[in-house]
Amino acid sequence: MKKNILIVTTIGLFFSLQSCKQETKKDSVVAETTNSSEKIYIPKAFDASKFEVKIDSLVSQMTLEEKIGMLHGKSMFATGGVERLGIPELKMVDGPLGIREEISRDSWASAGWDNDFATYYPAAGAVAATWDPELSYIFGNSVGQEARARGKDMLLSPAINIIRSPLGGRTYEYFTEDPFLNKKLSVPFIVGVQDNDVMTCVKHFAVNNQETNRGSVDVLVDERTLREIYLPAYKAAVTEANAYSLMGAYNRFRGDYLCENDYMLNKILRDEWGFKGVVVSDWAAVHTTVKSLVNGLDIEMGTPKPFNEYFLADKLIAAAKAGEISKEEIDKHVKRILTVLYQVKAIDGKDREEGSIATEAHYKDAYNVAAESIILLKNEKNSLPLKLEGVKSIAVIGNNATKKNALGGFGAGVKTKREVTPLEGLQNRLPKDITINYAEGYLERYSENNNDQKEDVSHNGPITVNELDEAKLNEAIDAAKNSDLAIIFAGSNRDYETEASDRANLFLPFGQEALIEKVLEVNPNTIVVMIGGAPFDLGKVKEQASALIWSWFNGSEGGNALADVILGTVNPSGKLPWTMPKKLEDSPAHATHSFPGVESVTYTEGLLVGYRWFDTKNVEPLYPFGYGLSYTNFEFSDLKTDKGSYTENEIIEVTFTIKNAGDVDGKEVAQLYISDPKSYVEKAAQELKGFKKVFVKSGTSEHVSIQVPVKELAYYNEVKKEWLVESGTYNIKIGNSSRSIKKEIQITIE
């Protein structure tokens, strides 16, 4: 089915409808502004009243026990249904990296299916590194098809918490440190999934920014910071993407657990934003019965005890019979669940999408995200792409050359038939007459037990053995000595970066820094590739290596995509979605000694999260937010705005030219930052307010337009409890990272 494109003028009036050549399998509408070709993803309508009569009829026929059976898990990943009334279970599935294998109904053990293989997709960090909302939509649409092929109603994804610390155990699973980039990537992903008659469960709502003590820590953050940094993506998920479900987080916020937090779940989510869907608890995140329901929770999920012992199971039945909670309150939550089941056609499911899974088309989707996510951090003397003339042998060194990351760690993985490793990618892509000399180089070892395997995870992160194995080191040195060039695959993996624990530090584990140094001593013609989901201290590696690449837990086709970048088939275009600090204490949460919290944590850095801190405090990062090199050179010129002065309800149209001054076709991410140097309130030195990924052929130029609604410049006034745009002079900056501003212009807001 072709996707419709809705053409929109700069003042928002629809005036034309035409078809788009890009093939999709769903019926979402994509709006495109005339001057900027900026796509706006239009979700399916979410009209609760459409099914109201049918829902009232069903509820009137249900017993108390049947109603309450729908409010809690009755298996590991499903709530209760009412078979006699045609109400199915609400079937959920984990999905941050793709569709999780089928597990038993009453335990975490595998169900033992032989037909539940799925596509392993790149982690959300990789999607963010593409800086491409279209790829985020494609990712969501693709994984949504796989969820439907497995008969699921709800995908427990995306996770859109702000990356507050580089040590966060789930950083790989989140998008970015910036609220604007976060919402611009979250919305198309959600629309893409829900185009397949699958509801997203957007998580973890909210201010869930540490794994340490996540089940109890009380987060204290001022209202302005909450509104400007931690909530924008959630608000966009509700008001722009029509998300059908949100997941309440483990932690507390201002004293109350987030699965029973009236301010967050009722006052903000429903009363302010108009959310019509269901709130699902994180697993075992519920602490009360009546309070949870009254304060906004709809479904309790969890695993530590029999399903009937949940707070919203037998205890709720008893509370209802004792008159502690009204029939009307229970009915309200049942109706919400029925509404979303109707919305995804799980009830009376005529014309419901059937989906497809582990197809070549989906592997191609995974490849496309991976290829555009890879970041070139350093390329001294144009060491990359590799020049193979005269090369007869290449040393491939590192455990990460063969490490697979579809499974691993504490969180959900994917059972897949295809995961191309970096070594396999090179074997697939290199000429057959080039010999590959592989050496493992370092061992992935942990000190918690005697068999070199990490059995469980501590809240301070896994304790690694950082001494190199002498035999493995000597093998690596011999391979490097006896090869024309070497490639080291280092970094991390999904056992080291994992849900339920934060890392203890930024250092490369397993003695890798020493390995890299020793290999470079014997073969300076060595490039280094980092694979990971979160920043590391790469200061020494940056100094020593002539070429440095950053890749991710990058899906089924990750090895092929990485090989294509190394060999130049793909010109790298990824950009960092977070700041890489020189040292841990440079990061705001650590500079303010406010990570991690134990009983409580105050976000002392306030608004200055990520690059906002580094730019405002003039702290030099190792690599800045938005950074990434290319095999070509881009030049920016002719920065203009359509007017010099604007009012609050207008749109600023910013235009400029990008020239590809090099010899290779490539994509550049133009980033638009805005600063308000004379503000009466505290603001960051600059804030991202627009971006566009642009393909430019070698030797040519592209005219680019980015539109910024003036309302994007608003700050949240805590006294008036509203968003305000200050009048005055603003600086508009265009560049290709937060620390590489190419052109600047001023405008006035009246």
Side-chain angles (χ1 to χ4, degrees), residues 36 38 128-129 131-132 176-181 184 375-379 572-582 586 588 607-630 632-642 644 646 652-662 666-679 682-694 696 701-708 710 712-713 728-749:
S36 69
E38 181 181 352
W131 286 62
D132 190 339
T176 173
E177 68 187 23
D178 179 71
F180 182 83
L181 180 60
K184 290 299 182 183
I375 302 165
L376 181 61
L377 294 177
K378 184 179 180 181
N379 195 19
S573 62
K575 302 283 186 179
L576 286 176
W578 33 249
T579 304
M580 189 180 294
K582 287 185 176 180
D586 287 344
L607 298 163
L608 302 183
V609 176
Y611 71 89
R612 286 166 165 77
W613 174 275
F614 287 85
D615 293 350
T616 304
K617 300 291 186 180
N618 293 315
V619 178
E620 189 69 27
L622 185 66
Y623 289 110
F625 174 78
Y627 176 87
L629 302 175
S630 170
T632 190
N633 299 308
F634 296 100
E635 297 174 354
F636 290 71
S637 63
D638 301 325
L639 177 62
K640 299 175 183 175
T641 55
D642 59 326
Y646 300 87
I652 307 163
E653 184 173 1
V654 182
T655 58
F656 52 95
T657 299
I658 300 179
K659 179 181 179 181
N660 184 339
K667 293 182 179 181
E668 177 63 298
V669 178
Q671 301 165 39
L672 189 154
Y673 297 86
I674 292 183
S675 63
D676 182 7
K678 296 182 180 179
S679 173
E682 179 194 12
K683 290 183 181 177
Q686 58 185 10
E687 298 178 356
L688 182 74
K689 293 298 180 184
F691 62 92
K692 182 161 295 183
K693 195 162 195 175
V694 184
V696 190
S701 298
E702 290 291 332
H703 187 67
V704 184
S705 174
I706 296 177
Q707 294 185 335
V708 182
V710 171
E712 279 286 354
L713 310 185
T729 301
Y730 289 75
N731 296 331
I732 294 179
K733 309 173 183 181
I734 289 290
N736 55 11
S737 84
S738 67
R739 289 299 180 98
S740 181
I741 302 301
K742 304 299 184 181
K743 299 291 178 181
E744 189 168 338
I745 195 171
Q746 287 188 336
I747 61 163
T748 300
I749 303 298

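Hydrogens, waters and symmetry mates play no part in the numbers below; they use all other heavy atoms, side chains included.
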**Rounded distance (nearest 0.5 Å) linking atom CG of L376 with atom NZ of K378** = 11.5 Å

**Asked** Say you draw a straight line from CG of L672 to CZ of F691; how long is it, rounded to the nearest 0.5 Å?
**Response** 11.0 Å

**Request:** First locate atom OG1 of T657, then atom NZ of K743, and finally report the distance between them rounded to the nearest 0.5 Å.
**Result:** 10.5 Å

**Complete:** On a heavy-atom basis, the closest approach of L576 and Y623 is CD1-CB, 3.5 Å

**Message:** Using side-chain contact (heavy atoms from CB on, under 4.5 Å), reason through E687 and I674 one step at a time and then give a plain yes or no.
**Reply:** CA-CA 5 Å; E687 298 178 356; I674 292 183; 5.9 Å; no

**Asked** Would you say L607 and K683 make side-chain contact, with heavy atoms under 4.5 Å?
**Response** no

**Message:** If the condition is side chain to side chain contact (heavy atoms under 4.5 Å, CB included), which residues does K733 pass it with, not counting sequence neighbours?
**Reply:** Y673, S675, Q686, N731, I741, E744

**Item:** Ring centers of W131, F625 separated by less than 6.0 Å
**Value:** yes

**Test item: T176 side-chain N/O and P577 main-chain N/O as donor-acceptor pair under 3.5 Å** = yes

**Prompt:** Closest heavy-atom contact between D615 and S738?
**Reply:** OD2-CB, 3.5 Å

**Request:** Could you check if a side-chain atom of P179 sits within less than 4.5 angstrom of a side-chain atom of R612, using non-hydrogen atoms only?
**Result:** yes

**Item:** Side chain proximity check, Q671 to K575, heavy atoms < 4.5 angstrom
**Value:** yes

**Heavy-atom side-chain proximity of E620 to R739 below 4.5 angstrom** = yes

**Asked** In Å and rounded to the nearest 0.5 Å, what is the CD1 to CD1 distance from I706 to I734?
**Response** 4.5 Å

**Item:** Exercise: identify the closest heavy-atom pair between T579 and G610
**Value:** OG1-C, 4.0 Å

**Request:** Measure the shortest side-chain to side-chain distance between N736 and K742 over non-hydrogen atoms and say whether it is less than 4.5 angstrom.
**Result:** yes

**Asked** Measuring from D178:CG to K689:NZ, what's the distance to the nearest 0.5 Å?
**Response** 8.0 Å

**Prompt:** Quick one: does E668's side chain get under 4.5 Å of V694's, heavy atoms only?
**Reply:** no

**Item:** Nearest heavy-atom neighbours spanning F614 and P588
**Value:** CE1-CD, 4.0 Å

**Request:** Give the intermediate values and the outcome of side-chain contact (heavy atoms from CB on, under 4.5 Å) for residues M580 and Y627.
**Result:** CA-CA 10 Å; M580 189 180 294; Y627 176 87; over 6 Å; no

**Prompt:** Does any non-hydrogen side-chain atom of L713 lie less than 4.5 Å from one of I652?
**Reply:** yes

**Non-hydrogen atoms of L688 and Y611 that approach each other most closely** = N-OH, 2.8 Å

**Complete:** Taken to the nearest 0.5 Å, the spacing of N660 CG from N633 CG works out to 8.0 Å

**Side-chain touch I747/I749, heavy atoms, less than 4.5 angstrom** = yes

Under 3.5 Å donor-acceptor pairs involving side-chain atoms of residues 634-641, not counting sequence neighbours:
residue : atom : partner : partner atom : Å
T641    : OG1  : K643    : O            : 2.6

**Complete:** Shortest non-hydrogen pair, D586 vs W613, comes out as O-NE1, 3.3 Å

**Message:** Is it the case that the side chain of T616 and the backbone of A685 share a donor-acceptor pair, with hydrogens and angles ignored and the cut-off at 3.5 Å?
**Reply:** yes

**Message:** Does K693, at its NZ atom, have more than 12 non-hydrogen atoms belonging to other residues, nucleotides or ligands within less than 6.0 Å?
**Reply:** yes

